[in-house]
Amino acid sequence: MSETQRQDIPASERQQDILRRSLGGGVVRVRDLAAEFGVHEMTIRRDFDALVDQGLMERVRGGARLRERMGEEISHQLRAARNTEAKTAIARAALSLIAPGDTVAFDASTTALALVRMVHDRNVSAIVSGLDAANALAASAVPFVMVGGAFHGPARSFTGVLFEESMSRLHPDKVFFSARGFHAALGLTDSHLPEVGAKRAMLRSGAMTVALMDSSKFGRRRMRTWRRSRQPTSG
């Protein structure tokens with residue numbers, strides 16, 4: 001990317017990039033970022049000020065770093081903002097599979113969340129494993145059950161034995177879920193072992209399961225969850 005192109009990056013995108021670079025826990029420096037983005041150091045200082053005002057970072061001499069315990073929340077925010085057009089298109093396609101009167105289950109993935117936000121007029125009831133899906137359904141007055149367990153911060157979800165036992169007693173008509181990767185040999189994969197167990201439990205409970213995945217997930221390998229039984233819905 002040329003220096004001119006770098007300078008044309010909107011401030012919001014530049015600030016998200018700064019957050020990504022700070023997720024490792026180190027200090028990001030004004031001088032280094034200014035050189036990399038091809039902007040004046042004052043521009044980077046303004047970016048830092050904006051992120052500090054949002055409570056995401058704190059200033060240190062010569063730069064800034066993440067505020068303590070903010071890494072998981074920021075990781076979730078950045079994931080939610082990625083590939084939003086593809087997620088919306090997948091959600092719209094999946095919406096056609098939901099019939100009036102269905103009980104539908106949604107995992108805590110950001111793609112499933114895009115679908116959750118579309119079901120308010122479908123006369124359905126829902127089962128969810130994530131805080132964001134629960135908040136969206138509560139705001140739209142869709143009746144739902146939230147399955148609890150051990151809280152997993154990066155996904156804002158619930159997992160563990162309690163979740164799996166509770167899910168085994170529920171029987172949704174359709175389960176909508178995503179995964180961190182889809183590999184032709186390994187199938188659907190995820191990087192966090194408790195999430196693997198929660199997804200398996202949710203899939204076992206449903207009469208029909210639908211994978212919501214955009215093309216960026218294809219070919220990616222994470223910890224194995226379950227072997228492929230059908231091609232995932234893609235966009």
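Reckoned from all heavy atoms, side chains included, excluding hydrogens, waters and symmetry mates.
- With K199 contributing its side chain and S178 its backbone, the two residues share a donor-acceptor pair below 3.5 Å.
- Side-chain contact between R14 and T43 is present, with at least one heavy-atom pair separated by less than 4.5 Å.
- Here the straight-line distance linking atom CD of Q16 with atom CG of L51 works out to 9.5 Å at 0.5 Å rounding.
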Run I18 and M57 through side chain to side chain contact (heavy atoms under 4.5 Å, CB included) and show every step you take. CA-CA 10 Å; I18 290 170; M57 301 191 78; 4.1 Å; yes

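- Two residues are said to be in side-chain contact when any heavy atoms from C-beta on lie closer than 4.5 Å; E13 and D17 fail this criterion.
- Considering only residues two or more places apart in sequence or on other chains, D32 meets the salt bridge (charged side-chain N to carboxylate O under 4.0 Å, His left out) condition with none of them.
- Taking both residues in full, the closest heavy atoms of V124 and V142 are given as O-CG1, 3.7 Å, listed atom of the first, atom of the second, then distance.
- Between S157 and H152 the shortest side-chain heavy-atom distance falls below 4.5 Å.
- Remark: A207 engages no residue in a side chain to side chain contact (heavy atoms under 4.5 Å, CB included) (not counting sequence neighbours).
- For residues 119-128, the set of pairs meeting the salt bridge (Lys or Arg N to Asp or Glu O under 4.0 Å) definition, not counting sequence neighbours, is empty.
- A 4.5 Å side-chain heavy-atom check between V27 and R29 finds at least one atom pair inside the cut-off.
- The shortest side-chain heavy-atom distance between I127 and V104 does not fall under the 4.5 Å cut-off.
- Taking A35 as the reference, nothing meets the side chain to side chain contact (heavy atoms under 4.5 Å, CB included) condition, with sequence neighbours excluded.
- Closest approach of M202 to F106, counting heavy atoms only: CE-O, 3.6 Å.
- Taking R59 as the reference, D49 meet the salt bridge (charged side-chain N to carboxylate O under 4.0 Å, His left out) condition, with sequence neighbours excluded.
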Pair up each side-chain donor or acceptor in residues 160-177 with any protein partner under 3.5 Å, not counting sequence neighbours, and list the distances.
residue: S166; atom: OG; partner: L162; partner atom: O; Å: 2.9
residue: S168; atom: OG; partner: E165; partner atom: O; Å: 2.6
residue: R169; atom: NH1; partner: E165; partner atom: O; Å: 3.1
residue: D173; atom: OD2; partner: T103; partner atom: N; Å: 2.7
residue: K174; atom: NZ; partner: L97; partner atom: O; Å: 2.7
residue: K174; atom: NZ; partner: D102; partner atom: OD2; Å: 2.5

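- Here the NZ-CZ distance, from K87 to R117, works out to 10.0 Å after rounding to the nearest 0.5 Å.
- Counting heavy atoms from C-beta on, the side chains of Q15 and F48 never come closer than 4.5 Å.
- Looking at R31 and E36, no side-chain N of the basic residue comes within less than 4.0 Å of a carboxylate O on the acidic one, giving no salt bridge.
- Side-chain contact between L66 and L19: present, with at least one pair of heavy atoms (C-beta onward) separated by less than 4.5 Å.
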Which side-chain N or O atoms in residues 134-141 pair as donor and acceptor under 3.5 Å with protein atoms at least two apart or in another chain?
residue: N135; atom: ND2; partner: L131; partner atom: O; Å: 3.4
residue: S140; atom: OG; partner: A136; partner atom: O; Å: 3.2
residue: S140; atom: OG; partner: L137; partner atom: O; Å: 3.2

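- Taken from CG in D107 to CG in L115, the straight-line distance is 10.5 Å, to the nearest 0.5 Å.
- Closest non-hydrogen pair, L203 versus T209, comes out as CD2-CG2, 3.5 Å.
- Checked against salt bridge (charged side-chain N to carboxylate O under 4.0 Å, His left out), R45 has the following partners two or more places apart in sequence or in another chain: E41.
- Scored by the side chain to side chain donor-acceptor pair (under 3.5 Å) test, T159 finds no partners at all (sequence neighbours excluded).
- Enclosure of atom NE2 in H120 by more than 12 non-hydrogen atoms of other residues, nucleotides or ligands within 6.0 angstrom is indicated.
- Pairs of residues two or more places apart, or lying in two chains, never qualify as ring-ring contact (aromatic ring centres under 6.0 Å, His included) while including a residue from residues 123-150.
- Using a 4.5 Å heavy-atom threshold, the side chains of V145 and V128 count as separate.
- Separating the CD atom in E195 from the OG atom in S129 is a distance of 7.0 Å, to the nearest 0.5 Å.
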